[in-house]
Amino acid sequence: MDALKEELLSQVASAADLAALDEIRVTALGKKGRITGLMKELGALSAEEKKARGQALNALKDEIAAALDARKADLAAAYLAKKLEAERIDVTLPVRPQTEGRIHPISQTIDEIVAIFAEMGFTVADGPDIEDDFHNFTALNFPVGHPARDMHDTFYLPDAADGRKMLLRTHTSPVQVRTMLKKKPPIRVIIPGRTFRSDYDMTHTPMFHQVEGLVIDETTNMGHLKGCLIDFCRAFFDVDDLPLRFRPSFFPFTEPSAEVDIGCSRKGGELKLGNFGDWLEILGCGMVHPNVLEACGVDSTRYQGFAFGMGIERIAMLKYGIPDLRTFFEADLRWLKHYGFVPLDVPSLAHGLTR
Ligand code: DAH
């Protein structure tokens, strides 16, 4: 028995892998194994011999089983270590620099806008491209017969089953309405999205993008509106002393309303942004009209705030020197290669917007 034990233990110790080890287990402890065979012979012995030899065989069996288990654990650990070593990756290596795909300037510009307003505590809201007349016009204080409702500008769709007049939203302002109907003040959201108007030339496409801003609480005033937009424009265009001019204007959904111009120069036919004495219009804004607050279930004697809206293509064209609006939507890969952005260049105020 001692000889058998030594033999089996040395076999176990030298088993090269899990398959070899299992073979050893079968030859020792399997149904026809050597220890099992010795156990079977016990029946022919006297009661006393049976007891002594039975105990010894059981001890042998336990010892071999324990050795098999220990070796199995060692082999499994070695196998795992080898596999991990073979599949090793260095997560600190730089990402392949030859990335082919490009981020469209519209997506990039939206990411930049979101990064700037997120720093000011705004969250992003959205709404449907297909709107009804109530959210797009009525709740925004557009009177019946207002020219913006005109068939010539607005893409109307067949009426909804419940009689609502349906259309493709002509601006992102209806999401102001949706936000106020859904959420109690304080509200601080920006709303980037697609908008649609029946128009097509160098500076108009039937689908374009806007970003809307809405801030509602008990104390927000025109000074906050100015500060917010000045900070945004200076960060977005990366011109620290960029002057902004707030010109009185009119929108049905704000009172007072203003249009905002940024400083520029057009000398020599080249457009430059900065404090050069000339002006370029870039957005509309104002204090939310009490009629709009009331239409959205907000108590206008307690709450007030501001809103603004601007064209995303327009500010992207200005920042990145893209001359023709229509090229944004031609899906020309050469254009995208030229004006697009590297995917890993994610804009943030901490790491820098794209320049
Ligand atoms: N909705 C306007 C448009 O499409 C833009 C706009 C102007 C939005 C003033 C606003 C605002 O929120 O206050 O021309």
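Because only heavy atoms are used, hydrogens play no part in the values below, and waters and symmetry mates are left out as well, while side chains stay in. Each ligand, and each atom within it, is numbered from 1 in the order the structure gives. Numbers for residues simply follow the sequence, beginning at 1.
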Compute the minimum heavy-atom distance from Arg197 to ligand 1 and say whether it is under 4.0 Å.
yes
Would you call Met310 a ligand 1 contact, heavy-atom distance under 4.0 Å?
no
Within a distance under 4.0 Å of any heavy atom of [X], pick out the atoms of ligand 1 and give their elements.
| X | result |
| --- | --- |
| Gln176 | 12 (O) |
| Gly284 | 7 (C), 9 (C), 11 (C) |
| Gly286 | 13 (O) |
| Gln210 | 3 (C), 4 (O) |
| Ser173 | 1 (N), 8 (C) |
| Thr254 | 13 (O) |

Is it true that Arg149 and Asp133 make a salt bridge, defined as a side-chain N closer than 4.0 Å to a carboxylate O?
yes
Glu112/Lys319 salt bridge by N-O under 4.0 Å criterion
yes
Contact between Phe246 and Lys226 at the side-chain level, heavy atoms closer than 4.5 Å - yes or no?
yes
Check against ring-ring contact (aromatic ring centres under 6.0 Å, His included), Phe341 and Tyr320
CA-CA 11 Å; Phe341 295 86; Tyr320 296 115; 4.9 Å; yes
Check this for me: Glu218, atom CD, are more than 12 non-hydrogen atoms of other residues, nucleotides or ligands nearer than 6.0 Å?
yes
Answer yes or no: does atom CG of Asp126 have more than 12 heavy-atom neighbours from other residues, nucleotides or ligands under 6.0 Å?
no
Would you please classify the geometry between the Phe142 ring and the His171 ring as parallel, tilted or perpendicular, with 30° and 60° separating the classes?
perpendicular
Tell me, with the steps shown, if Arg88 and Glu85 meet salt bridge (charged side-chain N to carboxylate O under 4.0 Å, His left out).
CA-CA 5 Å; Arg88 182 195 201 105; Glu85 183 59 31; 2.9 Å; yes
Side chains of Thr170 and Asn136, donor plus acceptor under 3.5 Å:
yes
Polar contact flag for [X] and ligand 1 (N/O pairs, less than 3.5 Å):
| X | result |
| --- | --- |
| Ala307 | yes |
| Thr170 | no |
| His171 | yes |

of all protein heavy atoms, closest to atom 12 (O) of ligand 1 is Glu212 OE2, 2.6 Å
Tell me: protein heavy atom nearest atom 11 (C) of ligand 1, and distance?
Phe253 CE1, 3.4 Å
